[in-house]
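Every chain is numbered from 1 and lettered A, B, ... according to where its sequence line falls, protein lines coming before strand lines.
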Number of protein chains: 2
Amino acid sequence: MPTRPRPADLKLTGLTGTLRCCQLFTGLSAEDLGIIAGFTIVQKLAKDDYLFREGEQSRGLYLVQSGAINVHRVNVAGKEQVIHIFRAGESFAEAALASPTGYPADARAVEPSTVLVIPKAPILELIGRRPDLALRMLGSMSSHLRVLVGMLDDLTLKDVETRMLNWLVKHSRAARGGSIHLPGTKRVLAAELGTSSETLSRTLGRLRDRKLISVSGKVIAIHDLPALQAMLRRNLGET
Amino acid sequence: MPTRPRPADLKLTGLTGTLRCCQLFTGLSAEDLGIIAGFTIVQKLAKDDYLFREGEQSRGLYLVQSGAINVHRVNVAGKEQVIHIFRAGESFAEAALASPTGYPADARAVEPSTVLVIPKAPILELIGRRPDLALRMLGSMSSHLRVLVGMLDDLTLKDVETRMLNWLVKHSRAARGGSIHLPGTKRVLAAELGTSSETLSRTLGRLRDRKLISVSGKVIAIHDLPALQAMLRRNLGET
DNA sequence: GGGTCGCCTTGTCCTGGATCAAGGAATTCC
DNA sequence: GGAATTCCTTGATCCAGGACAAGGCGACCC
């Protein structure tokens with residue numbers, strides 16, 4: 001149910017505001033933002049709705065306005081590997097714009113979400129006329145590549161405990177006041193770490209026993225970050 | 001030891017020929033190719049020479065003229081994960097052009113190699129003037145993304161045997177006459193499959209015992225592709 | 001209230017594969 | 001040529017963690 005906003009009911013501040021906040025478009029002229037807003041489509045998704053599936057032709061690029069989109073990959077064995085969960089202000093699927101073979105992954109709403117769809121044809125046309133926009137796209141894709149490459153690191157870390165520690169340390173940086181709020185269920189986190197929910201539970205339990213963290217519902221409180229880091233380093237050292 | 005060719009000793013046919021063969025530049029005008037050739041640097045690498053290392057600032061993008069370049073990632077634990085081995089005609093490191101944080105991986109010559117270095121500044125400038133080149137870069141990066149995403153599939157397949165079968169089936173398509181010639185040592189293949197050389201050896205041994213393949217040095221001969229495929233499907237089915 | 005459903009936790013079992021070790025084959029070096 | 005490496009293979013051991021099962025704890029609905 002994509003709705004194409006007509007100028008009359010378009011809350012321009014909201015739309016261009018979201019566009020401006022996006023890494024991809026910061027610094028663009030108000031005029032260009034207006035052009036983009038002009039052909040942007042607002043799409044609402046219920047929890048678990050698919051935004052797109054692997055192999056589908058690109059409709060355009062996406063910008064999360066609210067909610068969270070789980071971009072994941074289902075391997076030949078049917079196992080789902082979370083690639084990234086995109087939240088408000090983040091853009092994705094730039095790569096597919098120029099890909100003849102469609103999306104390389106699936107995207108599904110983790111929770112009720114609103115995404116801006118910036119259709120393929122007009123944005124490609126604009127890229128053609130705004131070289132700096134092209135460079136920005138390259139930059140954005142390069143950071144996505146970086147994320148993927150970072151995932152390889154995680155997946156090749158043997159221990160689940162080590163991956164967990166790595167994840168905790170990485171996310172506690174960005175977290176408010178020493179607490180990490182989980183985006184999805186613990187099972188999703190387990191998938192992201194490439195393990196089962198049982199093992200995740202045990203691993204968190206062990207850390208809790210040592211008073212390094214405490215877990216309550218979807219909130220993980222970090223009690224002793226230095227100790228976690230030390231533990232991570234020790235685990236890594238034992239190669 | 002990068003050598004900057006002067007017009008005099010520059011074999012233009014060789015250079016522009018290589019450029020033209022590259023996916024990235026096919027279809028560009030002779031004039032543009034000439035411009036690119038004009039600032040291209042030829043660099044020779046001995047076996048095991050590093051072309052760049054993680055974190056270094058981008059010098060430009062690379063095009064393999066001969067030999068093979070192993071782009072890999074060393075995770076925090078020191079384990080090396082092969083991302084891809086680039087061979088003649090392939091380009092890489094486009095992503096780093098627009099990245100402020102330098103290369104996200106290491107690149108090392110598997111064997112004596114020659115690469116063309118297309119320096120960052122002039123190629124960025126040219127991209128600014130040739131929007132279609134920008135789109136091509138996007139396309140190229142999107143196919144690299146695809147490769148990475150594909151690697152996730154492999155790494156999340158639990159069995160080494162299954163990953164091996166997957167690899168064999170995938171590569172036998174591209175292989176000449178039912179034989180696959182390994183790019184590097186078996187240890188490198190093991191790394192690519194995310195396992196140890198011992199386990200790889202055992203796995204290949206088991207397949208050999210069943211007369212499905214035979215292994216001789218760096219050549220793997222596929223005897224019964226349908227059986228391999230059936231076995232793969234069976235392994236996957238048991239999820 | 002009680003029933004249903006999804007999520008999390010804990011217990012038990014068992015296997016795939018990492019690791020160590022050692023011997024053979026193939027390369028490279030002098 | 002032989003020595004020195006590096007690579008490959010096979011054997012033996014051992015443990016992380018996946019799979020299954022069962023029980024607890026919400027949340028939601030009627």
With sequence neighbours left out, the residues meeting side chain to side chain contact (heavy atoms under 4.5 Å, CB included) with B/A68 are B/I85, B/R87, B/V110, B/E111
Applied to residues 159-172 of chain B, the salt bridge (Lys or Arg N to Asp or Glu O under 4.0 Å) test, sequence neighbours excluded, yields B/D154-B/K170, B/E161-B/R206
A/L189 atom CG is separated from C/dC7 atom P, nearest whole Å, by 14 Å
Applying ring pair (Phe, Tyr, Trp, His ring centres under 6.0 Å) to B/F52 and not counting sequence neighbours gives B/Y62, B/Y103
Here the side-chain hydrogen bond (donor to acceptor under 3.5 Å, both in side chains) pairs for residues 212-224 of chain B, sequence neighbours left out, are B/S214-B/H223
note: A/D159, atom CG; C/dT19, atom C1'; distance rounded to Å ~ 14 Å
For A/R108, the side chain to side chain contact (heavy atoms under 4.5 Å, CB included) test, sequence neighbours excluded, returns A/D48, A/Y50, A/N70, A/H72, A/E80
Contacts of B/P119 meeting side chain to side chain contact (heavy atoms under 4.5 Å, CB included) (sequence neighbours excluded), chain-then-number -> B/F39, B/I41, B/P122
Using a heavy-atom cut-off of 4.0 Å across all strands, would you classify B/S196 as base, sugar-phosphate, or nothing? base
Residue pairs meeting salt bridge (Lys or Arg N to Asp or Glu O under 4.0 Å), one or both in residues 185-200 of chain B, sequence neighbours left out, come to none
Protein heavy-atom contacts under 4.0 Å, written 5' to 3' over nucleotides 6-13 of chain D as B (base), S (sugar-phosphate only) or - (none), form the string --SSBBB-
5' to 3', nucleotides 25-30 of chain C under a 4.0 Å protein heavy-atom cut-off (B base, S sugar-phosphate only, - none) gives ------
Salt bridge (Lys or Arg N to Asp or Glu O under 4.0 Å) filter on A/E90, not counting sequence neighbours, yields none
Would the distance check show the side chain of B/T199 and the main-chain N or O of B/S196 forming a donor-acceptor pair, the cut-off being under 3.5 Å? no
With sequence neighbours left out, the residues meeting side chain to side chain contact (heavy atoms under 4.5 Å, CB included) with B/S201 are none
Axis-to-axis angle for the helix from C/dG1-D/dC30 to C/dG23-D/dC8, ends of five pairs each, to 10°, equals 40°
